[in-house]
Asker: 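Below you will find the structure I want to go over with you.
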Amino acid sequence: MDELALLHGYQTVGAMLVGIGIVGFLARRNMIVMFLSLEMMLQGISVTLVSWSRFHNDWGGQVLTVFIITVAACEAAIALALVLMLFRRAGGLDVLFWQQLRESNVEPFIEHELPEPPAEPADRWPHLPPAGIEPQTEEEWHRSHV
Amino acid sequence: MLELAAIALVKVVILSFGLLTAAAYLVLLERRVAAWVQDRRGPNRVGIPLTSIRLFGLGQPLADGLKFIFKEEFTPSHVDRWMYTLAPISILATALAVFAVIPFGDVLTLGGERTIELVVAPGFDAGAIYVFALSSLAVYGVILGGWASNNKYSLLGGLRSSAQLIAYELPLSLGLLGVVVVTGTLRLDEVIRTQANEGIWFAFAQPLGLIVFVIASFAEAARLPFDLPEAEQELVGGYHTEYSGIRLLMYLVAEFMHMITASFLIVILFLGGWHFWGLTDAAAWGIEGEAVPLWLGVVRIVVLMAKVFVVILFFMLTRWTWPRFRFDQLMNLAWKVMLPLGIANVVMMAVVAEFEVPLTDRLGRGGVIGLTWVGTLLTLIVAALLVPLHSDNRRRSIEPDLFGTS
Amino acid sequence: MNAMQWTFVVATISGALALWMLLPRKRFRGRRLGSLLGLVSLGLFASQVPLPGGPAERTVFIVLAGVTLAAAVCTVTFRSPVYCAVWFGLTLLGVSGLFLFQGAQFLSVATVTVYAGAIVVMFLFVLMLSDPRGRTYYDRLSWEAMLSASAGAVMIGVLSMTLHRVFVPEAAPPAADANNVAVADASGASANAEATNVPALPEPPTSESLQANILAPEHVARLGGALFSRYLVTVEAAGVLLLVALVGATSIMAHARFEQLRRSRHGNG
Amino acid sequence: MRADDPAIRWIEEPKLGLSGKMYLPLIFQGLTTTARHLVGPKRTVSFPEQRPNIADPLIYRGVHRLNRDQEGRVKCVACFLCATACPAHCIDIVAAESPWPDREKYPEHFVIDELRCIFCGMCEEACPVDAIELTSLFDLTGRTREEMFFDKEKLLSVFDQTKDAEPPKSAGLPPLQRPEEEHHS
């Protein structure tokens with residue numbers, strides 16, 4: 001296999017993963033999606049490291065990736081606990097709930113135009129087709145005798 | 001390259017057809033065994049179609065399968081359609097993909113010299129972790145199915161079930177770790193070879209590992225003492241409440257696949273795989289050298305399958321022996337009993353592996369194994385005395401408790 | 001600028017547009033057009049990468065990389081967080097496939113076990129406790145969609161172009177022409193200076209040397225050997241890190257629990 | 001009731017011994033029981049080939065029949081007691097002037113909807129003349145709902161089918177003697 005071309009392809013894929021992760025981290029407001037983007041950037045780095053490891057015929061890159069996985073696991077545990085706690089306090093996952101952590105000289109961001117909440121789909125109750133013959137019961141007629 | 005791919009393809013085709021058929025017939029066996037245990041006869045009517053030949057009900061799987069396939073494929077209007085379709089597919093795909101690294105025999109020698117290893121991916125060096133990776137992917141099918149159904153009972157069933165699967169993955173891997181420590185390999189076929197060369201199955205060499213692994217694999221396969229995911233009687237169906245037709249069939253087949261996988265793993269890791277004393281040893285038949293003749297390869301396949309069958313029968317008998325756990329008991333068992341037992345097993349095996357040479361010199365092979373048994377017994381007694389599975393969770397006071405423990 | 005550079009510029013612009021269109025926004029959101037542009041951009045980038053190996057390997061690589069990147073884009077652009085998590089799971093599967101394609105067997109299964117198995121399932125748990133359908137306003141809005149999409153796309157473009165310059169030296173203007181161009185164009189000169197300053201890559205490994213070390217059949221044993229000899233201290237550090245994370249996560253949640261209890265007892269006091 | 005109410009009497013579970021706490025011996029004990037049943041005798045009756053042995057037809061509650069008296073007439077006097085007693089309301093009687101001197105009325109139509117019937121036997125209990133009885137025929141089938149409306153002729157034919165195997169449960173009693181003169185005076 002052409003090692004140079006392989007390395008090139010992997011580096012490009014890693015760079016793209018990092019870039020897409022950056023877009024997600026910058027653009028999304030849901031804290032959990034932001035963390036997913038962060039993990040995606042780590043994955044991009046892992047891809048690069050593994051391909052370098054192969055190119056240099058050395059285990060260092062793969063070992064480093066093992067550590068990336070470890071760190072990611074730790075980070076996820078902490079992040080999960082934090083996100084859950086922040087969710088409980090603020091009642092939502094929006095990062096804007098925590099903008100009081102900004103610098104003192106920065107203006108607060110105020111959302112002016114919130115999108116309408118999407119309409120709940122109307123409940124569709126099942127309509128049962130008639131099955132068989134409609135029973136013609138005369139319950140009252142029987143019962144009145146008791 | 002092309003030849004390798006062709007051989008792998010043939011193996012995949014044989015294995016997937018064989019597994020699906022086996023799952024279908026195991027459903028029949030399960031129903032028959034259930035009936036026998038309850039002093040009934042079970043389904044024994046369906047035989048060859050359009051005739052009156054009954055064949056002990058061997059046509060039943062065909063009838064069941066046809067029924068499932070030709071049922072209306074109904075999608076409730078309130079579900080999340082993509083996930084609702086994806087979930088059963090993903091769980092069945094992962095259940096089948098596990099078998100890429102599970103050996104279903106030793107080697108077959110064709111035409112005198114060409115040997116075929118009976119694993120789909122023979123060179124895969126991290127086989128055991130692969131099994132765990134895929135079994136952790138199986139959680140997706142469960143949790144997504146529960147969520148996509150958009151039904152609170154399904155969601156609760158999915159959560160319950162995924163919590164169980166995640167919790168029991170730890171003792172499962174600890175049970176495996178003992179074997180890995182001793183054999184020094186993650187390849188399942190190597191594990192079998194080690195046992196065959198020594199002639200001692202790991203069931204005898206590390207009984208604690210066997211206990212932990214078997215119980216954890218019962219939980220992973222969601223078989224009866226741990227079948228909280230379904231729990232038809234008490235807890236509405238679980239994550240596949242909203243499923244019907246072929247998607248339900250996928251779920252059910254995947255569940256059976258998990259049981260088959262678990263049986264294969266138990267046999268391979270602890271019951272010697274294809275090895276049986278005197279029957280599969282080349283030396284016992286007076287065969288010189290490394291080569292395994294074709295008939296011996298077939299004998300080994302048969303021995304392996306027979307062992308798997310026995311373990312599956314054990315699964316089925318246990319189903320009608322032991323009542324279902326409550327959920328808190330299930331979790332207590334996982335975290336307070338199984339996990340410490342698993343760690344104890346790993347420690348014990350690490351000690352044995354580290355001091356193997358001096359211990360064997362002093363005590364002999366049998367002495368080391370005896371020491372392991374004594375250790376196992378002591379650990380079990382200590383576990384029983386320290387952390388009983390307290391079954392009484394009635395709330396005695398109105399004080400709120402800090403961590404939700406009763 | 002030559003054709004190669006134009007390709008990168010066009011790919012970057014179309015990538016930025018694609019991400020902008022796909023990101024959740026208030027009004028206009030062209031999903032089809034965005035996907036199409038994204039595919040075009042991916043194709044343009046891919047056209048500049050020399051693909052490895054024979055046709056079979058090439059196909060496998062293209063499929064793996066394509067699935068990974070498409071799933072990654074879906075991860076950051078879907079509204080419903082549950083879908084994001086599932087797409088992220090697919091990204092991870094793609095990455096693990098890429099690892100396997102490189103012969104890193106252990107890492108590929110470890111990635112699936114740790115990430116897809118544990119982390120994403122945990123995230124799914126949390127997601128289901130919040131709003132999983134993406135109906136909240138913050139799932140339907142993005143921060144500065146245009147700016148962030150352009151930032152990411154420019155980053156991708158610059159990185160891939162740099163990589164291209166390193167790996168495909170014949171694509172850069174040959175050294176003989178460099179002086180002529182330098183006279184004509186100052187910016188071109190600086191580019192060429194960079195091009196000449198690129199350190200030479202080491203010789204690519206032969207398949208025999210790879211087989212002897214990193215693609216050896218006893219893969220896990222060798223990786224373990226490296227981990228527990230040369231990198232032993234790091235392993236210990238990672239172990240401590242895991243322990244600290246465990247304690248930290250527990251203490252955060254325990255603190256929250258105490259807080260809740262205190263509030264319930266003293267009436268929000 | 002609060003959990004710490006003193007009126008609650010807590011009943012403790014029996015304590016487990018060591019082997020019980022270790023669970024494994026008990027599991028094997030249970031497995032032996034299961035295995036014993038696995039190979040033990042089976043109690044299923046293979047129905048179409050093998051008729052179930054109904055121990056006491058007098059107790060078994062199967063398909064209804066309308067009994068005939070010695071002269072072959074329907075015993076029923078159309079008193080509606082069975083229809084009144086029926087919890088499933090599945091008996092439908094149309095009474096008419098009796099053509100016979102020994103009773104006032106007789107059922108012109110007598111229809112039982114066997115699909116609604118719950119086979120409780122209340123009609124049999126209620127009948128003052130022992131005209132309606134439940135036989136031990138259990139395998140009643142039909143292709144349509146209409147087929148399962150058993151009318152007077154069908155119910156009488158059930159009697160004709162079963163009278164030899166199962167004689168009327170109160171065969172010894174004389175037919176009801178109605179003192180007509182007293183009634184009219």
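The figures that follow rest on heavy atoms only: side chains count, while hydrogens, waters and symmetry mates do not. Labels below follow one simple rule: chain letters A, B, ... track the order of the sequence lines, proteins then strands, and each chain is numbered from 1.
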Asker: If contact means a heavy atom pair closer than 4.5 Å, which residues of residues 30-43 of chain B contact chain D?
Answerer: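 Within residues 30-43 of chain B, the residues under 4.5 Å from chain D are B/Val33, B/Trp36, B/Val37, B/Asp39, B/Arg40, B/Arg41.
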Asker: Are there more than 12 heavy atoms of other residues, nucleotides or ligands under 6.0 Å from atom CZ of D/Arg51?
Answerer: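 Atom CZ in D/Arg51 is crowded, with more than 12 foreign heavy atoms closer than 6.0 Å.
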Asker: Among residues at least two apart in sequence or on other chains, which ones pass ring-ring contact (aromatic ring centres under 6.0 Å, His included) with B/Phe309?
Answerer: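 Testing B/Phe309 for ring-ring contact (aromatic ring centres under 6.0 Å, His included), a comparison that skips the adjacent residues, returns none.
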Asker: Would you mind checking which part of B/Trp322 comes under 4.5 Å of any heavy atom in chain D, side chain (CB onward), backbone (N, CA, C, O), both or neither?
Answerer: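 The side chain, not the backbone.
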Asker: Would you please go through residues 208-220 of chain B and name the residues with a non-hydrogen atom below 4.5 Å from one of chain D, in numerical order?
Answerer: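 Near chain D, by residue number: B/Ile211.
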Asker: Please determine whether the number of non-hydrogen atoms from other residues, nucleotides or ligands lying under 6.0 Å from atom CE of D/Met148 exceeds 12.
Answerer: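 Atom CE in D/Met148 is packed in, count exceeds 12.
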Asker: Under 4.5 Å heavy-atom distance to chain B, tell me which part of D/Ser19 shows up: side chain, backbone, both or neither.
Answerer: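 The answer is neither part of D/Ser19.
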Asker: Is the number of heavy atoms from other residues, nucleotides or ligands under 6.0 Å of D/Glu125 CD greater than 12?
Answerer: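 Atom CD in D/Glu125 is not packed in, count stays at 12 or less.
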Asker: Heavy-atom count around D/Phe28 CZ within 6.0 Å, excluding the residue itself: above 12?
Answerer: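 No, not enclosed.
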Asker: Using every non-hydrogen atom in the two residues, find where D/Leu18 and B/Ala384 come nearest and quote the distance to one decimal.
Answerer: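 Answer, listing the atom of D/Leu18 first, then B/Ala384: CD1-CB, 4.4 Å.
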Asker: Determine which residues belonging to residues 33-42 of chain D lie within contact range of chain B, meaning some heavy atom pair is under 4.5 Å apart, and list them by number or answer 'none'.
Answerer: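 Hits under 4.5 Å: D/Thr34, D/His37, D/Leu38, D/Pro41, D/Lys42.
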Asker: Does CD in D/Glu97 sit with more than 12 non-hydrogen atoms of other residues, nucleotides or ligands closer than 6.0 Å?
Answerer: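 Not buried by this count: 12 neighbours or fewer within 6.0 Å.
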Asker: When you look at CZ of B/Phe276, are more than 12 heavy atoms from neighbouring residues, nucleotides or ligands closer to it than 6.0 Å?
Answerer: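 Count not over threshold, so no.
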Asker: Pick one of side chain, backbone, both or neither for D/Leu24, based on which atoms fall under 4.5 Å of a heavy atom in chain B.
Answerer: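 When you check distances to chain B, only side chain atoms of D/Leu24 fall under 4.5 Å.
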Asker: Hey, mind stepping through B/Thr321 and D/Ile27 against side chain to side chain contact (heavy atoms under 4.5 Å, CB included) and telling me if it holds?
Answerer: CA-CA 8 Å; B/Thr321 300; D/Ile27 288 180; 5.5 Å; no
